[in-house]
> 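Please see the structure below; I have some questions.
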Amino acid sequence: MVKYRLRVNETKMYMYLLAFLIILSHSIYAYTNQRLVVNGIYAVLSFLPASYFFRKRVLCVPIRNFLSWLAIYLAVCMIYFLKCVDINDSISFVCRYVIYVPFLVLFFVTLGRWEYMLLVVKAIADIMYFIAIISLFFWIFGTILHIIPPSGTIYALWGNSYRDFYYGLYLEVPGRLFKTDFYRNVAIFCEAPAYVFFLGISLTFENLLKKRRDIKKILVFIISIITTGTSTGMLVLLFNFGAFYWLKTSKPTANNIGMRVLMILVAMIGCIFFLKFAFSDSKIASIILRKKDYINGFNVWRDSPLFGYGYMTPSNRFTSGFSNSISQLLIGGGIVLFGIYIISFVHMLIFSLNQNKNLLFWFMQVIILFAISVVGYAYISLTIIALGYAANLCRGNISRK
């Protein structure tokens, strides 16, 4: 019993360190000129799962199953690497796809139990809770009330601009909402959608996957999402509200059936009004820009469908930037690289269908956020695809809940 507790505590330690580095790797700290710090984050993050396995060296599945998956996965990676990865981006690709993903899958397979695998999502949610509280404090007393002045500025490679910074804990980003200047709450991230991505998966985890909901955390996440002033954030809130009540009305009673029919009608009417409102003014309709990016991304991808234009292809090569991970990955990696994600997502979808509806809704939220956010190469996305592959490998050892 003592050894088991020690093992769980050690696992949690790894998970929280892993989660912290995942968040940092997509924060403002990963988009500065301090390359030593950035590369240090990437290096530790990439090799962290490997260090855990070398300490444990125990698998919950037959080794041949893991090695069969690993051989196919690495073969695809090597083909893409030789064809599409520039020498300047080779270390980045190797760290992300050749080291991090396989060893993280091995890490999860070593844990075996799905509840332990989800500890990384729980750790992200716990850390995001504190980040959200801190960012709300500085957003209210700094950005809105101007009681606390910025401590300095920081140069962000994302946007190539200097931005006010509050003690390394909060970044100030100007924007517009309803034709009015509005400083979005972005916490330590370069833009609001990136912050919403982490808030969204954290809120949905707290709302749907935890046995006991923490109302304080849920409220903090909801308020933080509202202060980002993004349409993505509103979609996250609507999804969580709908998923919560859809699951709550699962018993086939007359009242529950009526409630679900009403929810569907409200959702349809809400979508009509939302789209009509969004397209009524091109200055605030980011949906128009997103739509163009999907169309332009598809048209560009058709000219090089198999391998794309190369790993980390910059958006300024084309007529439109990347506002979504689908265009980002299809243009940069074609079917080959994008296939690594799709296969994992299919595994995760099948697993969640067999596991429980709460997990299915959480994964649906992840897919929605992935499709409308620029996180294709981010470590948070690589973590999610590693979860999908691990769930598939361990599916015979995980009982349905």
Side-chain angles (χ1 to χ4, degrees), residues 22-34 38 41 124 127-128 131-132 134-136 138-139 142-144 150 153-166 168-178 180-203 221 223-237 278 283-294 297 312 314-316 318 320-329 332 365-366 368-381:
I22 288 171
I23 294 170
L24 283 186
S25 70
H26 201 56
S27 69
I28 183 64
Y29 298 106
Y31 296 95
T32 67
N33 290 322
Q34 302 296 324
V38 176
I41 293 173
I124 289 174
I127 295 172
M128 286 304 301
I131 290 176
I134 294 171
S135 64
L136 282 174
F138 283 112
W139 184 76
T143 299
I144 303 300
T153 60
I154 187 171
Y155 182 77
L157 297 177
W158 188 300
N160 296 314
S161 60
Y162 284 94
R163 299 176 182 177
D164 289 335
F165 212 28
Y166 289 75
L169 300 172
Y170 170 77
L171 184 70
E172 202 166 67
V173 176
R176 290 184 65 83
L177 185 66
F178 304 122
T180 305
D181 290 338
F182 177 80
Y183 277 83
R184 304 178 187 274
N185 177 8
V186 302
I188 57 173
F189 298 90
C190 296
E191 61 170 4
Y195 186 29
V196 171
F197 187 94
F198 282 93
L199 286 174
I201 62 176
S202 300
L203 172 62
F221 288 145
I223 295 171
S224 297
I225 289 173
I226 292 173
T227 60
T228 63
T230 61
S231 57
T232 302
M234 300 311 297
L235 288 175
V236 168
L237 296 179
K283 292 183 179 180
I284 61 174
S286 61
I287 292 180
I288 294 178
L289 177 60
R290 292 176 184 273
K291 179 183 176 182
K292 289 182 179 178
D293 279 349
Y294 283 112
M312 292 284 185
S315 61
N316 56 17
F318 309 102
S320 180
F322 299 141
S323 64
N324 64 86
S325 300
I326 296 176
S327 296
Q328 182 187 30
L329 290 171
Q365 175 74 99
V366 170
I368 292 171
L369 287 169
F370 180 84
I372 60 179
S373 305
V374 189
V375 292
Y377 300 120
Y379 275 91
I380 180 62
S381 296

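Numbers here simply count residues along the sequence, with the first being 1.
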> Side-chain contact, heavy-atom cut-off 4.5 Å: P150 with F165?
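Not touching, per the 4.5 Å side-chain cut-off.
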
> Heavy atoms, side chains only, cut-off 4.5 Å: are L237 and L203 in contact?
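L237 vs L203: side chains touch.
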
> Counting only N and O atoms by type, is there a donor-acceptor contact under 3.5 Å from the side chain of S135 to the main-chain atoms of A132?
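A pair under 3.5 Å: yes.
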
> Between I201 and F198, what is the shortest heavy-atom contact and its length?
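It is CG1-O, 3.4 Å.
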
> If you round to the nearest 0.5 Å, how far is CD1 of I368 from CG of L235?
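The distance works out to 8.0 Å.
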
> State, yes or no, whether a side-chain contact exists between H26 and V375 at a heavy-atom distance under 4.5 Å.
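Counting from C-beta outward, H26 and V375 do come under 4.5 Å.
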
> Side chains of Y377 and Q328: donor-acceptor distance under 3.5 Å anywhere?
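On atom types as modelled, these side chains do not qualify, holding no pair under 3.5 Å.
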
> With rounding to the nearest 0.5 Å, note down the distance linking CG in L24 to CD1 in I127.
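If I round to the nearest 0.5 Å, the distance is 8.5 Å.
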
> Could you go step by step and tell me if V173 and E191 meet the side chain to side chain contact (heavy atoms under 4.5 Å, CB included) rule?
CA-CA 7 Å; V173 176; E191 61 170 4; over 6 Å; no

> I'd like to know whether the aromatic ring centres of F197 and F189 sit less than 6.0 Å apart in this structure.
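No; F189 has its ring centre 6.0 Å or more from that of F197.
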
> With E172 as reference, evaluate Y183, W139, Y166 under the side chain to side chain donor-acceptor pair (under 3.5 Å) test and give the passing residue.
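Among the candidates, only Y166 passes.
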
> Is the shortest side-chain heavy-atom distance between F370 and L329 below 4.5 Å?
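A side-chain contact exists here, since the closest heavy-atom pair is under 4.5 Å.
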
> Quick one, I188 and I131 - any side-chain contact, counting heavy atoms below 4.5 Å?
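Yes - at least one pair of side-chain heavy atoms lies under 4.5 Å apart.
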
> Name the residue from N185, T143, D164 that meets the side chain to side chain donor-acceptor pair (under 3.5 Å) definition with Y170.
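Checked N185, T143, D164 against Y170; only one passes side chain to side chain donor-acceptor pair (under 3.5 Å): T143.
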
> Let me confirm one number: the OG1-CG distance from T232 to L369, rounded to the nearest 0.5 Å.
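Answer for the OG1-CG pair, T232 versus L369, is 7.5 Å.
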
> Please report the interatomic distance CD1(I134) to OG(S224), rounded to the nearest 0.5 Å.
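Reported to 0.5 Å precision, the distance equals 11.0 Å.
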
> I need the T153 OG1 to Y162 OH distance, nearest 0.5 Å.
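So the gap between those two atoms works out to 7.0 Å.
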
> Side chains of N324 and I372: does their closest heavy-atom pair fall under 4.5 Å?
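Heavy-atom side-chain distance check fails, nothing below 4.5 Å.
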
> Under 3.5 Å, is there a donor on one side chain and an acceptor on the other for T228 and T230?
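Result is yes, a qualifying pair exists.
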
> Any side-chain heavy atom of I225 sitting closer than 4.5 Å to one from T227?
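No, every pair of side-chain atoms sits at 4.5 Å or beyond.
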
> Does R184 use its side chain to pair, donor to acceptor, with the backbone of G229 at less than 3.5 Å?
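Flag set: sc R184 to bb G229 pair under 3.5 Å.
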
